[in-house]
Amino acid sequence: MDYKKTTLNNGLRVITIPMPSLESVTVTVWVKTGSRNENSKNSGVSHFLEHMFFKGTTNRPTAKQIAEEIDSIGGIQNAGTAKEYTEYYIKCRADKVEIAFDLLSDMTLNSLLDAKEIEREKGTIIEEIRMYEDTPMINIGEVFESLIYSGHTLGMDIAGIEKTVGGMRRNDFIDYRKNFYIAENMILTIAGGVTEKESLDLANKYFEKLPTSNKAEILDNKFKVSQSAPKVKLHSKKKEQAHIILGYIADGKNYKNKYAQTLLSTILGGGMSSRVFTEVRERRGLAYSIRTSMDRYTDIGYLGTYAGLDTKRAEEAVKVMLDEHQKISNGKEPITTQELTKSKEYLKGHLALALEDTSDVSSFFGDQELFSDRVLTPEEVFKKIDKVTMDEVNFEAKRLFVPERVNLAIIGPYENDNEFVKILRWKVNL
């Protein structure tokens, strides 16, 4: 899969990925900022601003006008805020791609940020915060990151809290946009059935007026690992299930052995034949949903296993999961050649399937351009996965699965975390 990177005169980077066999296209605007660049006073401003871009522009004064225009071409329009980036995208028929450019540039450049709309949207966002709070399968990720990144902006909720959201004013959004929504801090990806020339012509036409600056004021807040003992965080909530993440601090997006870590994660809980899935769900019936995954930021990340559990058997499940980690790290049940081969094919297969969709192609290249040392094609990623050796995976298991650095987040109907703390301390003393 070929791509081309072009930098416009104003500094905006444009990644074009022509896919001539497709009749759809995804156009995405990426901004290299998110909740990591916030503080305790403006927590949630990145996410709130993302909402406001859909509430009216100088050319399309109402949210209804924006929505009607995208509906009139049968397109899909959405956005998302993460801890290190914000994205806005439109997916539509390739012959309607200019409308996508027009809409996205108008929202980015000409959002009204109307004070009345801001006050109205506060209620919407507060309800969104409450919705996630009542959805433990989703909220457990934020609880876990608030544990492992405690005291750091990575540990703050992306949506903010009700107090900070309620206190935001129009100038907060204007200042934030002025600081981060500048050409040098943004990229544009176009993936699908349009040519490189058409994409670049439209990019120049609609995004040439993006403001420029010497540098966005991104916080210099590299995360420093200092953990020397197990940590537990209980979010007590009356639920029929317990939701947990058990995990360890890992490395960032440009770590040289990141593919070995990802393969280790896959062997543990990446599919229905993985170790924790087999042991926790199939053999013991302790969970329905269980999976292990890697989450990475620029300079830090973690390997974590999520499970939704019977509240009366959650402690048993945590013990089993810890055992599976230690069986690999202490060599009692080392990774087999068959497991390593299977996990490689699993990763490559899932990536190949995902890249049949233009929105996933856009994300694949956009994320790399924002955060990686260099952009790899899918074929280059496949080769890097294939080159990972058994020694590299075993090295990462011993390096990561240190009992003193295990972390456990729980959402469930428990009065205290005593039993979970005992389990982790007992494992450390083995």
Side-chain angles (χ1 to χ4, degrees), residues 137-138 140-141 144 241-251 255 257-296 301-310 313-354 381-382 384-403 405-410 423-424 427:
M137 184 180 290
I138 299 174
I140 188 63
F144 184 77
Q241 272 191 318
H243 296 262
I244 70 166
I245 292 181
L246 180 73
Y248 306 80
I249 289 284
D251 299 272
Y255 177 55
N257 286 332
K258 68 178 181 180
Y259 294 106
Q261 288 185 351
T262 303
L263 286 166
L264 174 62
S265 167
T266 304
I267 290 166
L268 268 172
M272 295 178 69
S273 62
S274 61
R275 289 196 177 196
V276 294
F277 190 97
T278 299
E279 195 65 34
V280 175
R281 173 173 161 161
E282 296 301 313
R283 291 181 180 169
R284 300 170 187 260
L286 297 174
Y288 169 73
S289 178
I290 183 165
R291 60 183 179 273
T292 304
S293 59
M294 295 293 311
D295 282 86
R296 299 185 190 279
Y302 67 88
L303 184 154
T305 299
Y306 160 81
L309 303 163
D310 181 338
R313 303 181 70 190
E315 294 95 333
E316 179 186 353
V318 171
K319 290 178 183 177
V320 173
M321 292 158 66
L322 285 168
D323 284 340
E324 291 305 311
H325 297 154
Q326 293 182 5
K327 285 175 185 176
I328 296 176
S329 62
N330 63 21
K332 287 184 178 179
E333 290 187 17
I335 295 167
T336 65
T337 301
Q338 181 183 5
E339 283 181 310
L340 182 58
T341 301
K342 181 185 66 177
S343 65
K344 289 180 178 181
E345 295 305 315
Y346 179 92
L347 283 182
K348 292 187 295 181
H350 276 248
L351 177 57
L353 292 174
V381 172
F382 293 156
K384 285 188 174 291
I385 292 171
D386 282 333
K387 286 182 180 179
V388 174
T389 66
M390 188 80 77
D391 286 344
E392 289 173 328
V393 178
N394 283 324
F395 171 80
E396 292 301 330
K398 292 178 181 178
R399 178 172 167 267
L400 297 182
F401 298 157
V402 178
R405 294 172 69 173
V406 66
N407 300 276
L408 176 64
I410 312 134
I423 293 169
L424 267 57
K427 286 294 179 182

Distance, nearest 0.5 Å, that separates CE of Met294 from OH of Tyr302: 9.5 Å
Taking the six-membered ring for Trp and the single ring otherwise, decide whether the centroids of Phe401 and Tyr248 are under 6.0 Å apart. yes
Between the main-chain N or O of Met272 and the side-chain N or O of Arg281, is there a donor-acceptor pair closer than 3.5 Å? no
First locate atom CD1 of Ile244, then atom CD of Glu315, and finally report the distance between them rounded to the nearest 0.5 Å. 10.0 Å
Any side-chain donor near an acceptor of the partner, Asp251 and Gln261, under 3.5 Å: yes
What distance do Phe144 atom CZ and Thr305 atom OG1 have between them, rounded to the nearest 0.5 Å? 9.0 Å
N-O pairing of Lys387 and Glu392 below 4.0 Å: no
Can you confirm whether His325 sits close enough to Pro403 that some side-chain heavy atom of one is under 4.5 Å from a side-chain heavy atom of the other? no
Taking the side chain as C-beta and beyond, is there a heavy-atom pair between Leu408 and Ile410 under 4.5 Å? yes
Could you check if a side-chain atom of Phe382 sits within less than 4.5 angstrom of a side-chain atom of Leu347, using non-hydrogen atoms only? no
Check whether the side chains of Thr266 and Ser343 place a donor and an acceptor atom closer than 3.5 Å, and report yes or no. no
Counting N and O atoms only, with roles assigned by atom type, does the side chain of Lys344 sit under 3.5 Å from a partner on the main chain of Asp386, one being a donor and the other an acceptor? yes
Okay, side chain of Thr341, backbone of Gln338: is any donor-acceptor separation there less than 3.5 Å? no
Lys258 side chain to Arg296 backbone, donor-acceptor under 3.5 Å: no
Would you call Leu303 and Ile249 a side-chain contact if the rule is heavy atoms closer than 4.5 Å? no
Ignoring hydrogens and angles, state whether a donor on the side chain of Glu396 or Tyr259 is under 3.5 Å from an acceptor on the partner side chain. no
Are the charged groups of Glu345 and Lys348 less than 4.0 angstrom apart, N to O? yes
Does Arg313 pair with Glu316 as a salt bridge, N-O distance under 4.0 Å? yes
Leu264 CG to Ile328 CD1 distance, which is reported to the nearest 0.5 Å: 5.5 Å
Kindly compute the distance separating CD (Glu339) from OG (Ser274), expressed to the nearest 0.5 Å. 9.5 Å
Could you state the interatomic distance from CD (Glu324) to OG1 (Thr292), rounded to the nearest 0.5 Å? 10.0 Å
